[in-house]
There are 2 protein chains.
Amino acid sequence: MVESRRVTLKDIAKSLGVSVNTVSRALADKDSVSEDTRAKIKAEAARLGYVPNSMARSLVLGSAMTLGLVITNPSNPFYAQLISTIEQRGRTHGYSLMLLVTEESPEVDRKAAETLLRWGVDGALVVPVQGEGEHWARLPESGIPMVCLNRDFPALDLDFVGVDYHHASFQATRHLIEGGARSLCLLEEDLPISPVAERSAGFRKALTEAGITSSEDPVISVPTRRRESLALPWEPADAYRLAQDIVNRGDLPDAVMVGNDYFALGVYRALTEAGLRVGDDVLVGGFGDHPFSAYLSPGLTTVRLPAAEIGTAAVDLLLQRIRGNDGNAVAEKRRERCELVVRASSRASKGTTT
Amino acid sequence: MVESRRVTLKDIAKSLGVSVNTVSRALADKDSVSEDTRAKIKAEAARLGYVPNSMARSLVLGSAMTLGLVITNPSNPFYAQLISTIEQRGRTHGYSLMLLVTEESPEVDRKAAETLLRWGVDGALVVPVQGEGEHWARLPESGIPMVCLNRDFPALDLDFVGVDYHHASFQATRHLIEGGARSLCLLEEDLPISPVAERSAGFRKALTEAGITSSEDPVISVPTRRRESLALPWEPADAYRLAQDIVNRGDLPDAVMVGNDYFALGVYRALTEAGLRVGDDVLVGGFGDHPFSAYLSPGLTTVRLPAAEIGTAAVDLLLQRIRGNDGNAVAEKRRERCELVVRASSRASKGTTT
DNA sequence: GTGAAAGCGCTAACAA
DNA sequence: TTGTTAGCGCTTTCAC
């Protein structure tokens, strides 16, 4: 392989004795080029193996034809699906995807905003690392539309597309209550993010409506040791330990909700090891409908997150903003409804598979 | 927000009455700029909110400072981890990541190569959609180094970093045989890719060494209906159906190997529903050590894939090629060894949790 | 229908 | 130390 320099318009022009300009227009299928020269030019371009230079094109056109996607952890199946959907839909519209992974690090999150700014992406979809995060305001300020994914960032008045966790949590909790649960708890990850807050609120609302009260806070924060390996978004072992504590403490709830299906794995184990039967002795409900959830025994009742819908809606909203068909419209907050998938973990007196 | 045009070097130069060039050098911390003007320039850049234009920079420097990553399906946990590791390591070295998702489509795969060529990425990491795929030769031909990930492409003599599936499969199979299995089968996905071929070969070798023969081919191809949803890399239901057939057929093997842990989910269900106990009646072994595998009951014996090592090694190899520290070296084929994680599914007469 | 010239934002020669 | 010139590869006026 002769590290041959890339073929440019100039090469084609020179080889054919025409101007660069003509070549450009011929290849772009503009009129004002005779059919004859156009054919010659295309043939020569093919012969030489010409590949347009997207960078040069973007520079002059002022559009990167690229979308930025900022994700905390691709190993979260929900985000993995988001990545697929977004890449696919963006590609359909001619956009390439620049992916940044923040691993819940505020520092990396800040740098991600900077990187997107430098590349001048046409728009950005971001799952913000919450807490601080004012740096994200820089994109809209620079005229780069952005929409928050899954995690809302009310302080910044940005477009948002995510899950209606409040409603889903309320619904799932009520389902458990209707199944006979009178004492419940919710295990949540220990991150100051909107999904956690919304699930907690929905959970509490269901308890209140049912007239269930408790002396202790029924929402329990699971101290999570983020894994350096990035193999898991959540560590079942953390929930396992906590569930063991609850079991040992003696005041066992009738039902346990968990903020994600991974926690359910830990809860299942703790209960099983204590000789308790999930679905009979304790109902369990989760979030995510992760691939394994249907195959646990008993099958896990869980909230299916509409990842594809969210990814699609987010891209579409972003493209709309990019095209500027909407003036400086007010920020849109879109929360997609979920489906509760009922399986044996919430059906007392059945307790086998699915 | 006044869609203010982006601040450029020229703006700073004009505002300060110096030349663009001086601004460029001052900001790049080159010497040959007086401390005085440098300070002034930096201050003005900060005041104006200057952000360097990576595209323009790349165009003139002839380096995109971008790596291309082509993945078939991010919902495969192994690939999800690869994405994380690669993004992180590339970023450490100053590279941005352009992600393309091919969904096993040869057409999309072809276009991915084209896109990478157009952007002029500095290097590419690709999980090729196999079968055809000669288009990938275009990258190296154009001077863009590329390394194949996980799936080898012997026809093209490209660099490759992946898993030593042959050895892992051999080892896992031998483990089952040592556990007492005398009749075994392997369920594999129906894709013409090197991992499947290597796992099958390793499996067969173990059988041969143990003197186990069978009238029928013990390697069974699972007809896979790729899911449009992209939520799953493999569909447990497909393996479930097939396992049911095997059970119903009557000639039940002592042990079942599966090419991925998702298939194990289906196999577990089929066996359980037939009243058989995994680990006692039938041993099961998988590939992937996916997050759920430790939490199945019984826990699944499976091969842990060294995703982080592979991602890191692949990026490092690619960077080495990019830097050209190696001349037109011969293609490197690197296969990482795996760890077999033994759990209850392969330990007869125990068969409860973990 | 075609070519010449200008410029996107930046860096790298070369002068001054 | 600084400014001028040139050019990365492309597209877009504007002449001809």
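Within every chain, numbering begins at 1; the chains are lettered A, B, ... in the order of the sequence lines, protein sequences first and strands thereafter. Only a predicted model underlies this, so the values are computations on that prediction, with no experimental measurement involved. Atoms considered below: every heavy atom in the structure, side chains included; atoms not considered: hydrogens, waters and symmetry mates.
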**Student:** Using a cut-off of strictly less than 4.0 Å, decide whether A:Thr22 has a side-chain nitrogen or oxygen near OP1 or OP2 of C:dT2.
**Tutor:** no
**Student:** Taking the side chain from A:Arg91 and the backbone from B:Ala112, do they hold a donor-acceptor pair closer than 3.5 Å?
**Tutor:** no
**Student:** Quick check on contacts: within residues 46-65 of chain B, what sits under 4.0 Å from DNA chain D by heavy-atom distance?
**Tutor:** B:Leu59, B:Val60
**Student:** Donor-acceptor pair, distance only, cut-off 3.5 Å: does the side chain of B:Gln81 make one with the backbone of B:Ala307?
**Tutor:** no
**Student:** Classify A:Arg25 by what it touches in the nucleic acid, base, sugar-phosphate, or nothing, heavy-atom distance under 4.0 Å.
**Tutor:** base
**Student:** Test your reading of the model: is there a side-chain donor-acceptor pair from B:Arg151 to the backbone of B:Ser194, 3.5 Å cut-off?
**Tutor:** no
**Student:** Strictly distance-based, threshold 3.5 Å: is any side-chain N or O of A:Lys333 a donor or acceptor partner for the main-chain N or O of A:Leu158?
**Tutor:** yes
**Student:** Which of the following nucleotides, D:dT11, C:dC10, D:dG3, is nearest to the side chain of B:Leu9?
**Tutor:** C:dC10
**Student:** Both A:Lys10 and A:Ser24 contact DNA chain D. Which one's nearest nucleotide lies toward the 5' end?
**Tutor:** A:Lys10
**Student:** With a 4.0 Å limit, can you tell me whether B:Thr8 has a side-chain N or O closer than that to the phosphate oxygens OP1/OP2 of C:dG9?
**Tutor:** no
**Student:** Check whether any side-chain N or O of A:Ser142 sits under 3.5 Å from a backbone N or O of A:Arg138 as a donor-acceptor pair, and report yes or no.
**Tutor:** yes
**Student:** Please list, by residue number, the residues of residues 27-40 of chain A whose heavy atoms come closer than 4.0 Å to an atom of DNA chain C; answer none if no residue qualifies.
**Tutor:** A:Ser32, A:Val33, A:Ser34, A:Thr37
**Student:** Could you check whether any side-chain N or O of A:Asp122 sits under 3.5 Å from a backbone N or O of A:Met65, counting only pairs where one atom can act as donor and the other as acceptor?
**Tutor:** yes
**Student:** Nearest-Å distance, CH2 (A:Trp119) to P (C:dC10)?
**Tutor:** 13 Å
**Student:** If I take atom NZ in residue A:Lys14 and atom P in nucleotide D:dG9, what distance separates them, rounded to the nearest angstrom?
**Tutor:** 11 Å
**Student:** Does the pair A:Arg38/A:Asp31 count as a salt bridge with the N-to-O cut at 4.0 Å?
**Tutor:** no
**Student:** Is a side-chain donor or acceptor of B:Ser15 paired with a backbone partner of B:Asp11 at a separation under 3.5 angstrom?
**Tutor:** no
